[in-house]
Amino acid sequence: MSHPDVIVIGAGPVGLAAGMALAGQGLAVTVLERDSEGPAGTGTGGPAAAARAWREWRRPGVNQFRQPHILLPAGAAVLRSALPDVLTELRELGALPLNLLAGAWGLPAIGGRRPGDERFDTLTARRPVLEAAFAVAAAKTPGLTLRRATAVSGLLAGAERIPGRPHVVGVTTQHGQEIHAPLVVDAGGRNSPVGALLARLGGPPPASERIEARFVYYTRSFRSAGSIPPAQAPWPLTHHDGMSAIVLPGDGGTWSLGLIISSRDRALRALHDARAWERAAALFPVLAERMQAESVTGIQAMSGLNTRSQMTVVDGTPVVTGLLSVGDARAATDPQFGLGLSVGLAHAAALAGVVADGGLNDAVKLALRFEEATEQTVMPVYRRLRRWDAHRMAEIDALLAGRPYETHDPGWQLGNTLDALKLSDPDVLRAMADVACGLAVPEIAFSAPAVRTAAAAATGAGSPPRPGPTRADVLAAIQDGTR
């Protein structure tokens with residue numbers, strides 16, 4: 001039997017961030033991870049270690065492990081303030097220093113860099129490389145023990161703190177070992193098994209929401225011969241007629257390109273074929289000019305990433321004590337905006353702050369205070385992206401039905417108007433970037449006088465048309481190769 005102060009289930013970036021932040025308070029933390037060991041030698045840093053992480057590491061529990069990935073400036077800000085050792089390890093592994101606005105500074109309408117643009121600075125790397133940096137930093141953290149290939153098979157219950165509500169006092173591993181702790185943290189991601197384990201203990205269920213996002217991702221990664229990435233795109237994610245395009249730089253002269261469609265658009269599922277994907281991607285200038293390089297993956301398809309949340313404080317009372325959920329285990333969103341990691345890191349930092357302020361002795365108070373912190377850090381982003389998903393899917397459904405999309409939601413119309421203006425107005429660009437990078441909420445960023453003036457001048461009937469090739473153009477390009 002083992003008795004740490006905190007057990008963290010899941011050794012992804014958010015789980016390790018929570019573990020390191022709590023261990024930094026002098027707590028003994030055990031992190032349990034169901035997947036096996038990472039590649040050897042990543043602690044030495046450098047391009048060779050990064051290449052091993054990408055080539056050798058397998059994470060069956062993480063569907064998006066080799067999908068496009070980015071650490072947004074909000075996440076980098078959390079690391080700078082709370083976990084600077086992770087940034088050090090990222091630099092050692094060759095993460096790419098990046099300012100999210102740098103690709104737009106050269107546009108005539110934007111007028112170059114402004115004071116304050118440093119808030120958009122970050123470091124970015126492919127997901128295996130980023131996870132390797134977190135793992136190396138965690139291994140160097142006093143008080144933190146990381147055990148891989150150790151799945152959690154059950155939750156241990158103790159004396160109830162609230163009548164009729166289970167109180168978790170530890171876990172049982174797949175090897176039959178019992179590990180006791182005053183706090184168990186679920187950082188198992190969107191596919192965490194902890195919800196099912198909690199149901200075995202009885203008591204009222206969490207308030208859960210699960211919405212099928214219905215987006216399908218077709219992505220491919222590339223590498224330049226001289227380890228120098230192409231020029232940065234003016235904006236990494238663009239929305240078009242029935243699909244979206246994404247461009248994300250990575251470490252070591254690599255980058256990822258992707259097309260995102262609705263799962264209901266069966267004709268566009270032909271994008272899983274490399275030749276069809278190439279013909280379609282060539283219609284988008286921002287993708288076409290970045291395809292003339294060595295591809296390091298085939299077409300990687302990903303789907304089934306539901307938007308979901310699981311609230312363990314219902315009507316002001318915890319349904320369980322001794323167990324808290326962070327990151328995607330608490331609320332998972334559409335990953336095309338890249339906000340999951342940054343929001344998860346902020347959530348992990350919020351957990352550490354709540355524990356630092358109140359300790360671990362009062363499990364009820366801890367649950368209530370952490371729910372308050374979750375409402376401040378996670379749920380506004382979750383609700384905003386949930387609304388965006390619903391509108392975007394309805395817009396694509398209308399396109400497939402041959403009718404215009406109509407909505408009376410002013411937020412959707414304002415967002416589309418500002419999105420269309422962002423590369424022609426420096427104030428709108430920075431407002432959009434503050435929201436996209438997780439640095440501000442729309443209610444504040446879009447209320448600036450210059451932004452309101454620009455939006456009012458551009459607002460007409462309905463949303464502006466989507467730029468770039470139409471869905472019909474893409475279908476024609478795909479079908480040309482099958483005739």
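We're numbering straight along the sequence, starting at 1.
Under the 3.5 Å distance criterion, the side-chain polar atoms of Gln25 are matched with a main-chain donor or acceptor of Ala352. At distances below 3.5 Å, not a single donor-acceptor pair connects side-chain atoms of Ser262 with backbone N or O atoms of Phe215. A donor-acceptor distance shorter than 3.5 angstrom exists from the side chain of Ser342 to the backbone of Gly75, with no hydrogens or angles considered. Counting only distance, with no hydrogens or angles, the side chain of Arg220 and the backbone of Ser256 share no donor-acceptor pair below 3.5 Å. Here the side chain of Arg147 pairs no donor or acceptor atom with the backbone of Thr30 at under 3.5 angstrom.
Under the 3.5 Å distance criterion, with hydrogens and angles disregarded, no donor-acceptor pair is assigned to the side chains of Glu178 and Thr172.
Heavy-atom neighbours of Arg266 CZ from other residues, nucleotides or ligands within 6.0 Å: at or below the threshold of 12. Crowding of Gln292 atom CD: a count of heavy atoms from other residues, nucleotides or ligands under 6.0 Å not exceeding 12.
Gln67 approaches Tyr217 most closely through the heavy-atom pair OE1-CB, 4.4 Å. Residues Ala133 and Glu89 approach most closely at O-CB, 3.7 Å, considering heavy atoms. Taking all atoms of both residues into account, the shortest heavy-atom contact from His239 to Arg392 is CB-NH2, 4.0 Å. Between Gly242 and Leu268, the closest heavy-atom pair is O-CD1, 4.4 Å.
Taking the side chain as every heavy atom from C-beta outward, Leu339 and Arg384 approach each other to under 4.5 Å. At least one side-chain heavy atom of Asp427 sits less than 4.5 Å from a side-chain heavy atom of Arg114. Between Gln177 and Val171 there is no side-chain heavy-atom pair separated by less than 4.5 Å.
For the side-chain hydrogen bond (donor to acceptor under 3.5 Å, both in side chains) condition, the pairs that include at least one residue of residues 95-107, sequence neighbours left out, are Asn99-Asp121, Trp105-Asp117.
With Glu131 as the fixed residue, the salt bridge (charged side-chain N to carboxylate O under 4.0 Å, His left out) test singles out one of Arg59, Arg148, Arg66: Arg59. With respect to Glu209, the salt bridge (charged side-chain N to carboxylate O under 4.0 Å, His left out) criterion is satisfied by exactly one of Arg330, Arg383, Arg386: Arg386.
Scored by the ring pair (Phe, Tyr, Trp, His ring centres under 6.0 Å) test, Phe120 finds no partners at all (sequence neighbours excluded). By the ring pair (Phe, Tyr, Trp, His ring centres under 6.0 Å) test, His240 pairs with Phe284, sequence neighbours left out.
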Query raised in the report: Can you check side chain to side chain contact (heavy atoms under 4.5 Å, CB included) on Met302 and Tyr218, steps first, answer last?
Result: CA-CA 7 Å; Met302 181 173 67; Tyr218 295 102; over 6 Å; no

Query raised in the report: Run the side chain to side chain contact (heavy atoms under 4.5 Å, CB included) check on Leu101 and Arg113 step by step: do they pass?
Result: CA-CA 8 Å; Leu101 292 193; Arg113 183 167 189 155; over 6 Å; no

**Report entry** Worked check of side-chain hydrogen bond (donor to acceptor under 3.5 Å, both in side chains) between Thr88 and Asp85
**Finding:** CA-CA 5 Å; Thr88 298; Asp85 289 349; 4.8 Å; no

Report task. Begin with the C-alpha distance, continue with both residues' side-chain angles, and end with the deciding distance and a verdict on side chain to side chain contact (heavy atoms under 4.5 Å, CB included) for Thr307 and Leu385. Result -> CA-CA 9 Å; Thr307 296; Leu385 295 187; over 6 Å; no

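Between Arg119 and Asp434 there is a salt bridge, with a side-chain nitrogen of the basic residue lying less than 4.0 Å from a carboxylate oxygen of the acidic one. Ion pair Asp419/Lys422 flagged as a salt bridge, since at least one NZ, NE, NH1 or NH2 atom sits closer than 4.0 Å to an Asp/Glu carboxylate oxygen.
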